[in-house]
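Letters A, B, ... mirror the listed sequences (proteins, then strands); counts begin at 1.
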Number of protein chains: 2
Amino acid sequence: MNARSPATLVADTGRGNEAAILNAALDAFGAQGFHGASMRDVAKRAGTSLSNLYNYVPSKSRLLAEVLRRANDELAARLRAALADAGDDAASRLREAVRAYVRFIVDHQVAMVVSTNEVRYLTGADRAALVAERDATQAVFEDIVAQGVADGTFATPYPDDAARAVLTALSAVAGWYRADGRLSRGQLAEQQARYALALLEAPLAR
Amino acid sequence: MNARSPATLVADTGRGNEAAILNAALDAFGAQGFHGASMRDVAKRAGTSLSNLYNYVPSKSRLLAEVLRRANDELAARLRAALADAGDDAASRLREAVRAYVRFIVDHQVAMVVSTNEVRYLTGADRAALVAERDATQAVFEDIVAQGVADGTFATPYPDDAARAVLTALSAVAGWYRADGRLSRGQLAEQQARYALALLEAPLAR
DNA sequence: CTCGCATACGAACGATCGTTCACCACCGAA
DNA sequence: TTCGGTGGTGAACGATCGTTCGTATGCGAG
């Protein structure tokens with residue numbers, strides 16, 4: 001297992017129970033939602049005491065912010081890496097971006113679910129930072145689509161909105177994906193890539 | 001304003017504050033989430049007392065269930081009506097279904113948001129009933145897609161999964177739609193219909 | 001008129017919430 | 001050997017939670 005597909009989102013940080021606490025928070029928020037999970041739940045999952053959580057995180061909402069920041073960083077890193085290895089044409093760049101996105105969902109489904117469902121409970125600077133990171137990710141897709149529309153690869157009449165439609169359909173995969181489902185990792189990625197290209201009205205092999 | 005586009009999801013029920021309470025619950029759950037909103041919040045929004053809520057609903061989770069049931073009923077009724085008026089060919093049936101869905105989102109955005117985000121907090125029979133209704137809605141779309149694939153209208157190689165992709169992209173619209181946005185109701189519906197047809201790989205006017 | 005039910009209310013219950021506190025064990029540096 | 005910082009604990013704080021209770025008011029049926 002390499003660095004791009006860890007079993008847990010947060011690897012050991014070299015600081016006591018920090019990684020265990022962050023991963024436990026992710027699981028707890030994923031299972032019961034931010035307001036449905038208590039700090040006691042997080043502590044129990046992390047195998048430590050309630051009060052010890054506050055040696056690592058100043059509050060529950062900052063705990064959510066920290067977890068979401070790490071999840072988003074990992075997704076952004078994967079997208080960057082995938083696009084660095086991709087070619088120059090819009091179709092293959094989009095394909096690689098979609099594949100990287102799907103693989104992130106498969107590897108970190110809970111992180112993706114929490115990311116989409118619980119961001120809205122953040123406030124102030126924490127929320128602004130997350131939204132900015134998410135906008136940056138969206139811009140990556142918009143740029144690819146714009147490039148494809150410019151050179152005639154994509155025929156969609158609504159480039160920016162179509163890019164968003166692709167992204168939302170993609171992140172919704174986290175809501176229904178099951179590891180024991182009919183499709184393998186690769187098949188799922190391939191399927192979603194085809195949906196994305198079709199939605200953008202790229203000519204497809206029929 | 002006709003019966004298909006009410007200002008609030010629940011019209012007067014002829015029973016005291018019932019409608020006000022259900023609509024207030026919808027707003028409260030939409031604004032703060034199921035666990036983030038308290039029964040006191042609901043009471044305040046409904047303009048009544050906390051204890052009076054329990055003259056209408058036996059528990060908070062049943063309140064959520066009741067609200068979601070009514071939302072889903074309204075959506076299903078609109079879909080049925082739209083398809084009754086539609087033609088026989090798969091493309092126009094899909095178009096009408098998508099348009100009805102989008103119009104429901106525009107009219108009852110909060111209901112759609114709560115429906116997708118908070119169903120998971122239901123348990124037992126309440127959850128099962130909702131899931132069954134949702135599966136029925138999905139089956140409507142799957143049937144249309146299957147018909148279109150059978151007669152050659154749609155070229156997608158993954159009919160059922162594509163139908164689900166269309167549906168999830170569609171319901172995600174509730175997450176970002178803004179009434180003061182760039183697109184009108186009709187334009188938004190038209191756009192989403194085009195996305196759906198493209199995703200299903202229907203031949204489009206280019 | 002009066003009885004019964006529907007509708008409504010404030011106050012309170014026990015439970016659980018996020019957070020803080022005082023305290024303890026360990027350990028590398030001075 | 002002392003000492004400050006790091007990682008850890010159980011107990012407790014005040015606040016808020018969902019829910020219940022006792023009671024009051026108004027109104028249609030008998």
Side-chain angles (χ1 to χ4, degrees), chain A residues 10-68 114 118-127, chain B residues 10-68 114 118-127:
Chain A
V10 181
D12 187 50
T13 60
R15 232 208 103 189
N17 272 333
E18 190 173 39
I21 288 172
L22 292 171
N23 288 313
L26 191 61
D27 288 344
F29 295 156
Q32 333 223 65
F34 176 67
H35 282 120
S38 70
M39 291 297 267
R40 286 165 179 82
D41 293 333
V42 175
K44 199 159 293 179
R45 280 177 193 265
T48 182
S49 69
L50 169 62
S51 47
N52 192 30
L53 298 185
Y54 291 88
N55 287 323
Y56 296 90
V57 177
S59 71
K60 190 187 182 187
S61 67
R62 289 292 308 271
L63 177 54
L64 174 63
E66 186 62 25
V67 162
L68 292 192
V114 174
E118 321 290 337
V119 200
R120 62 179 177 138
Y121 299 122
L122 290 181
T123 59
D126 286 332
R127 184 201 205 110
Chain B
V10 180
D12 188 51
T13 61
R15 234 208 101 192
N17 271 335
E18 190 173 39
I21 288 173
L22 293 171
N23 288 314
L26 191 61
D27 289 344
F29 294 156
Q32 333 222 68
F34 176 67
H35 282 120
S38 70
M39 292 297 268
R40 286 164 178 83
D41 292 332
V42 175
K44 199 159 292 180
R45 280 177 193 265
T48 182
S49 69
L50 169 62
S51 47
N52 193 31
L53 298 184
Y54 290 89
N55 287 325
Y56 295 90
V57 177
S59 72
K60 190 186 180 187
S61 67
R62 288 292 308 270
L63 178 55
L64 175 63
E66 186 62 26
V67 163
L68 292 192
V114 174
E118 321 288 338
V119 200
R120 63 176 177 142
Y121 299 122
L122 290 181
T123 58
D126 286 332
R127 184 200 205 110

Completion exercise
The reported gap from CD1 in A:I21 to CG in A:L63 (rounded to nearest 0.5 angstrom) is 8.0 Å
Exercise for the section: For DNA chain C, find the residues of residues 23-38 of chain B with a heavy-atom distance under 4.0 Å and give them by number; none if there aren't any. Expected result: none
Completion exercise
Closest heavy-atom pair, A:H35 versus B:H35, reported as atoms and distance to 0.1 Å, is CB-CB, 3.7 Å
Practice task
Provide the closest heavy-atom pair for B:A25 versus B:V67 in the form atom of the first, atom of the second, distance.
Solution key: CB-CG2, 4.1 Å
Handout entry: Boundaries of the DNA chain C segment in contact with chain A, non-hydrogen, under 4.0 Å
Key = C:dC17 to C:dC21
Practice task
Check the surroundings of atom CZ in B:R15: do more than 12 heavy atoms from other residues, nucleotides or ligands lie under 6.0 Å from it?
Solution key: yes
Exercise for the section: Run the numbers on A:D41 and A:S38 for side chain to side chain contact (heavy atoms under 4.5 Å, CB included), then give the verdict. Expected result: CA-CA 5 Å; A:D41 293 333; A:S38 70; 3.3 Å; yes
Handout entry: Taking every non-hydrogen atom, the tightest pair across A:V119 and A:L68
Key = CA-CD1, 4.1 Å
Exercise for the section: Calculate, to the nearest 0.5 Å, the distance between atoms CG and CG belonging to B:D27 and B:L22 respectively. Expected result: 11.0 Å
Handout entry: Considering all heavy atoms, the nearest B:K60-B:F29 contact
Key = CE-CE2, 4.1 Å
Completion exercise
The reported gap from CD in B:E18 to CG in B:L53 (rounded to nearest 0.5 angstrom) is 12.0 Å
Check nucleotides 9-12 of chain D against the protein and report each pair of N or O atoms closer than 3.5 Å, with its distance, or say if there are none.
from	atom 1	to	atom 2	distance (Å)
D:dT9	OP2	A:T48	OG1	2.8
D:dT9	OP2	A:S49	N	3.0
D:dT9	OP2	A:S49	OG	2.7
D:dG10	N7	A:S51	OG	3.3
D:dG10	O6	A:S51	OG	2.5

Practice task
Using a 4.5 Å cut-off on heavy atoms from C-beta on, say whether the side chain of B:N55 contacts that of B:N17.
Solution key: no
